[in-house]
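Notes to accompany the following structure.
FYI, the numbering just counts along the sequence from 1.
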Amino acid sequence: MARPGYRLALLATALTVVVVLLGAYTRLTHAGLGCPDWPGCYGFLGVPMSEHKQSLAAERFPDAPLEVHKGWNEMIHRYFAGALGLVILGLAVQAVRRRHTPGQPVRLPLLVLAVVIAQAIFGMWTVTLQLWPQVVTAHLLGGFATLSLLFLLCLRLSGGLAPLPGLPRRLRAFAAAALLLVIGQIALGGWVSANYAAVACVDLPTCHGEWWPEMDFANGFHLTQHIGPNYLGGMLYNEARTAIHMSHRLGALTLTLVLLTLAVMLWRQGLGRLAALLVAALAVQVTLGISNVLFHLPLAVAVGHNGGGAALLLVLVLVNYRLRPLRARQPEALSATTRAPFDRTRPFPLPQRTS
């Protein structure tokens with residue numbers, strides 16, 4: 001039976017997916033500085049549209065000419081992010097008010113609220129520090145962290161996902177390692193995006209016609225760049241961007257092998273649907289990544305690649321949640337075992353409704 005707050009958590013999770021995709025769209029349309037100030041746009045609550053407001057915007061920010069479409073890309077992202085923050089605040093308030101209800105998570109909603117507050121700060125720094133790659137990457141990771149935690153909250157509130165007993169410890173350890181690798185690959189993808197290295201190589205499987213082209217890893221992964229330059233469009237030379245791009249490729253290859261191994265391990269334990277879900281998410285993401293290179297980063301495919309990364313991350317969160325060990329003091333899980341045998345074929349049972 002789903003617990004109170006489940007639907008609100010589900011709404012927040014869906015809204016986070018929209019915010020993540022809008023953030024990717026904003027970056028890929030070079031609209032990260034579409035509004036040079038924060039949280040408004042040229043000193044207004046929305047993009048200045050009238051001649052009078054636009055003249056005021058030019059006076060206030062003479063070094064940042066207004067591009068209306070980029071301004072709206074940025075502000076729409078901010079509006080959705082603000083709405084998400086309010087929904088998460090509501091989740092946290094509900095959790096505190098119901099803290100004495102059995103099975104009600106409290107620390108997790110409060111953690112999500114803290115992450116969202118940090119996200120707002122990183123969103124401000126993204127603008128005020130003019131797309132400094134470290135902040136842009138951290139902001140992207142914060143969005144994925146928010147999504148993962150909200151999805152985890154949905155799983156905990158669903159009331160229909162008991163741990164699966166009798167699974168080997170090495171499977172749980174391998175699944176946890178795979179989750180960490182996915183997070184690392186997402187961070188690397190964020191670094192690729194923040195440094196505009198997605199099209200540093202435009203051929204496959206080679207790069208610039210070579211298996212190991214000239215690369216500058218020292219500058220490509222130099223994490224102490226000066227704050228101050230405008231990083232729109234990137235500041236690195238081709239060799240440094242090539243190093244970032246090739247690192248992301250090698251990471252993708254390693255992750256693919258790890259996730260396929262995990263899928264085989266799940267299948268051997270009778271978890272065929274979890275394995276199929278994992279392989280499907282991986283196949284979509286690899287296809288989108290290859291398409292980005294072959295078709296030179298089309299906008300729809302690039303945004304979809306960000307969404308594919310989010311989907312793959314959520315599948316790994318689901319896998320690890322289902323593989324979690326059965327605790328001695330877990331009355332809900334124990335009562336579930338007495339009601340019916342475990343069905344390992346269902347990766348995500350729907351919550352039961354009360355009559």
Side-chain angles (χ1 to χ4, degrees), residues 3 6 9 13 103-109 111-112 115 141 144-188 251-286 308-351:
R3 301 188 182 99
Y6 172 75
T13 304
Q104 171 63 52
V106 177
R107 288 179 293 181
L108 182 55
L111 175 60
V112 177
V115 171
L141 283 175
F144 280 89
T146 303
L147 178 61
S148 300
L149 292 173
L150 282 170
F151 183 60
L152 179 60
L153 181 61
C154 287
L155 294 174
R156 292 187 60 181
L157 292 174
S158 67
L161 287 173
L164 296 172
L167 294 174
R169 184 177 299 178
R170 66 179 182 277
L171 176 59
R172 294 197 298 268
F174 196 86
L179 175 60
L180 292 177
L181 282 176
V182 169
I183 295 172
Q185 183 67 1
I186 289 173
L188 193 52
L253 178 60
T254 302
L255 183 61
T256 297
L257 296 175
V258 169
L259 294 184
L260 288 177
T261 302
L262 176 59
V264 171
M265 294 172 70
L266 291 170
W267 177 75
R268 288 179 175 176
Q269 292 296 324
L271 301 171
R273 292 196 177 184
L274 271 181
L277 187 62
L278 177 59
V279 171
L282 176 62
V284 170
Q285 183 65 345
V286 170
L312 191 59
L313 177 62
L314 294 187
V315 170
L316 264 296
V317 171
L318 174 61
V319 168
N320 279 271
Y321 186 80
R322 295 236 63 189
L323 299 184
R324 70 196 191 280
L326 183 65
R327 297 179 181 177
R329 295 183 179 180
Q330 197 166 9
E332 293 174 346
L334 292 175
S335 63
T337 61
T338 60
R339 288 195 300 268
F342 286 95
D343 182 3
R344 295 188 178 184
T345 64
R346 297 191 65 187
F348 192 3
L350 295 175

Fill in the blank from the handout: One should read off an interatomic distance between Phe174 CZ and Leu179 CG, to the nearest 0.5 angstrom, of 12.5 Å
Problem - Note, Leu171 side chain near Leu266 side chain (heavy atom, < 4.5 Å) - result: yes
Exercise for the section: Identify the two heavy atoms, one from Tyr321 and one from Leu152, that lie closest to each other, and give their separation to 0.1 Å. Expected result: CD1-CD1, 3.5 Å
Fill in the blank from the handout: Sorted by chain and number, sequence neighbours left out, side-chain contact (heavy atoms from CB on, under 4.5 Å) with Ala175 holds for Leu262, Val319, Asn320, Leu323
Handout entry: From Leu314 atom CG to Cys154 atom SG, the distance as rounded to the nearest 0.5 Å
Key = 9.5 Å
Practice task
Enter the distance from Leu257:CG to Leu282:CG here, rounded to the nearest 0.5 Å.
Solution key: 9.5 Å
Exercise for the section: Measure the CG-CD distance between Leu164 and Gln269 for me, rounded to the nearest 0.5 Å. Expected result: 10.0 Å
Problem - Shortest non-hydrogen contact from Val279 toward Ala263 - result: CG2-CB, 3.6 Å
Exercise for the section: Return the set of residues passing side-chain contact (heavy atoms from CB on, under 4.5 Å) with Ala311 (not counting sequence neighbours), or none when no residue passes. Expected result: none
Handout entry: Straight-line distance of Leu150 CG to Leu155 CG, nearest 0.5 Å
Key = 11.0 Å
Problem - Contacts of type side chain to side chain donor-acceptor pair (under 3.5 Å), residue Gln185, not counting sequence neighbours - result: His248
Problem - Side-chain heavy atoms of Met265 within contact of Pro168, under 4.5 Å - result: no
Practice task
Not counting sequence neighbours, list each pair that qualifies as a side-chain hydrogen bond (donor to acceptor under 3.5 Å, both in side chains) and has a residue in residues 162-171.
Solution key: none
Exercise for the section: For residues Leu147 and Leu313, determine if any side-chain heavy atom of one lies less than 4.5 Å from a side-chain heavy atom of the other. Expected result: no
Handout entry: Shortest non-hydrogen separation from Ile186 to Gly309 and the atoms involved
Key = CD1-O, 3.9 Å
Problem - Sequence-distant partners of Leu181, side-chain contact (heavy atoms from CB on, under 4.5 Å), two or more places apart - result: Leu255, Val258
Exercise for the section: Measure the CG-CZ distance between Leu149 and Phe144 for me, rounded to the nearest 0.5 Å. Expected result: 13.5 Å
Handout entry: Leu278 and Leu316, any side-chain heavy atoms less than 4.5 Å apart
Key = yes
